[in-house]
Number of protein chains: 2
Amino acid sequence: MSGERGGLGPPQTLKLNATAASVLGLLHRGPMTGWDVARLAEVGLGDFWNVTQSQVYRELRNLEALGLVVAGPAGRRDKKPYAITDSGRDAFAVWIRREPGADLIRSPLLLMVFFGSHLDPAHRQRFLAIQRLRHEQTLDEYRRILDQVVHDEPDLAKVLQFAVFHEQAVLQWFAWLEHEERPG
Amino acid sequence: MSGERGGLGPPQTLKLNATAASVLGLLHRGPMTGWDVARLAEVGLGDFWNVTQSQVYRELRNLEALGLVVAGPAGRRDKKPYAITDSGRDAFAVWIRREPGADLIRSPLLLMVFFGSHLDPAHRQRFLAIQRLRHEQTLDEYRRILDQVVHDEPDLAKVLQFAVFHEQAVLQWFAWLEHEERPG
DNA sequence: CTGGGCATGTAACTCGTTACATGATTAG
DNA sequence: CTAATCATGTAACGAGTTACATGCCCAG
């Protein structure tokens, strides 16, 4: 009864959360310090799976405790390079076979629109204009990066292509909104 | 030094988080129990600003402590209707004037695609097919609801229209992906 | 050799999720 | 009357965010 997972036997069913799994995934590229993992996560997953530095460090500590990564000898400062272990690779392989869950979107902008009647039109339109501009820039940015990586990193390119379609949809919506507000 | 916010003077700059603000926003429609707020949040904000029951209850407690809502007399069971106060209205009005921040998207699907090379093609395609189907259904659903509310609830309709554009973009991406995988 | 920014990591806090408890209401 | 489901709420946990500490490196 007590000690149902007391330490003996390989933990068959350890459940990795998605953030931990991402860290493991990135470590497939070779040993890295927490800082580097965080940076890679930011550029690669960027806007579709946000991971902060602190999370990375926490997960690395957890993963080490589980034996899924090992820390190499600390270099300058505390700089510890972590490397994925074989169990780590196994755990990741198991994780990535689960069917992916539903997307989570959290949009302050849509929240604002939903409560739009509580906001005077001037404010509303100003906010919309700002956001629209921002999304236009974001779209350009995605297109630029996509061009750069399209040949070398096909998986990243797929993600970026999603980003492009998504941003286009957002802009389409802005256009539609303006058309709506017009007639009066 | 001690007690920088010790209790005297109106808390000019109390910072409402977005979830608390949503609760206040919904309470503009009239007094409601936590359950009702949660239900409204789910149908209205639904997929673009997720709010769970527990959060609602917690925020209601906080808001009451701050004097932004008041609880009426408990009815059957613990059923407590909460009503927004004048300070509540003020706080909400202040909140909704802040410029909305960036969207947060957290997509297990894109995570999977990003790590796609670690997954065998069979799995990958199966997952994509499942998700695609799901998004097709979701789009239909949004269109249906949009039709229902388009006349009575313009703000909700705007949100739903966004949902439709978004889902269309997702489907566009799926189509593009298949086209990509094809040639070999 | 010093001051500012970058690299590296930890700690504390807030928020979101999951699990649970229990009274009402309805179907059979 | 009893079982199932719905309504209502609390508690505990896990994940995400913000704030901080401190060593390294380079420009002046």
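Naming: A, B, ... by sequence-line order, numbering from 1 per chain. Only this structure's heavy atoms are used, side chains among them; waters, hydrogens and symmetry mates stay out.
- Each of dG9(D), dG9(C), dC15(C) was ranked by its minimum atom distance to the side chain of K80(A); first place goes to dG9(C).
- Between the side chains of T52(B) and Q55(B), at least one donor N or O sits under 3.5 Å from an acceptor N or O.
- In this structure, NZ of K79(B) is placed 18 Å from C1' of dT10(D), rounded to the nearest angstrom.
- Under the 6.0 Å cut-off for aromatic ring centres, W173(B) and F162(A) qualify, their centroids lying closer than that.
- Spacing between atom CG of N17(A) and atom P of dT18(C) amounts to 12 Å, rounded to whole angstrom units.
- Contact annotation: T33(A) does not reach the phosphate of dA7(C) (side-chain N/O to OP1 or OP2, under 4.0 Å).
- Listed nucleotides dG16(C), dT17(D), dG9(D) differ in distance to Q53(B); the shortest reach to its side chain belongs to dG9(D).
- Distances shown here put every side-chain N or O of T19(A) at or beyond 4.0 Å from the OP1 or OP2 atom of dA15(D).
- What separates CG of L45(A) from C1' of dG16(D) is a distance of 15 Å, to the nearest Å.
- dG16(C) atom C1' lies 17 Å from atom CD1 of I105(A), rounded to whole Å.
- Using a 4.5 Å heavy-atom threshold, the side chains of L156(A) and F114(B) count as touching.
- Atom CG in L104(B) sits about 10 Å away from atom C1' in dG16(D), given to the nearest Å.
- Between R61(B) and E64(B), no side-chain nitrogen of the basic residue sits less than 4.0 Å from a carboxylate oxygen of the acidic one, so the salt-bridge criterion is not met.
- The side chain of Q55(B) places no N or O atom within less than 4.0 Å of a non-bridging phosphate oxygen (OP1 or OP2) of dC15(C).
- Comparing dG16(D), dT8(C), dT17(D) against the side chain of N50(A) picks out dT17(D) as the nearest.
- To the nearest angstrom, P of dG16(D) lies 14 Å from CG of L60(A).
- Nucleic acid contact for R39(B): none, since no nucleic acid atom lies under 4.0 Å from a heavy atom of the residue.
- Using a 4.0 Å cut-off, no side-chain N or O of Y57(A) falls inside it from OP1 or OP2 of dT10(C).
- A close approach under 4.0 Å does occur between a side-chain nitrogen or oxygen of R106(B) and OP1 or OP2 of dG16(D).
- Between Y82(B) and N62(A), the residue anchored closer to the 5' end of DNA chain D is Y82(B), taking for each the nucleotide with the nearest heavy atom.
- Here R144(A) does not pair with D147(A) in a salt bridge; the nearest charged N to carboxylate O distance is not below 4.0 Å.
- Remark: S54(B) is not in phosphate contact with dG9(D), judged by side-chain N or O atoms under 4.0 Å from OP1 or OP2.
- In terms of polar N and O atoms assigned as donor or acceptor, the side chain of R58(A) never comes within less than 3.5 Å of the base of dG14(D) in a complementary pairing.
- The environment of E42(A) atom CD is sparse: at most 12 non-hydrogen atoms of other residues, nucleotides or ligands sit within 6.0 angstrom.
- Taking atom CD of residue E59(B) and atom P of nucleotide dT14(C), one finds them 12 Å apart after rounding to whole Å.
- Taking 4.0 angstrom as the limit, R61(A) places none of its side-chain polar atoms (N or O) nearer than this to OP1 or OP2 of dG9(C).
- Note: CE (M32(A)) to P (dT8(C)) measures 13 Å, nearest angstrom.
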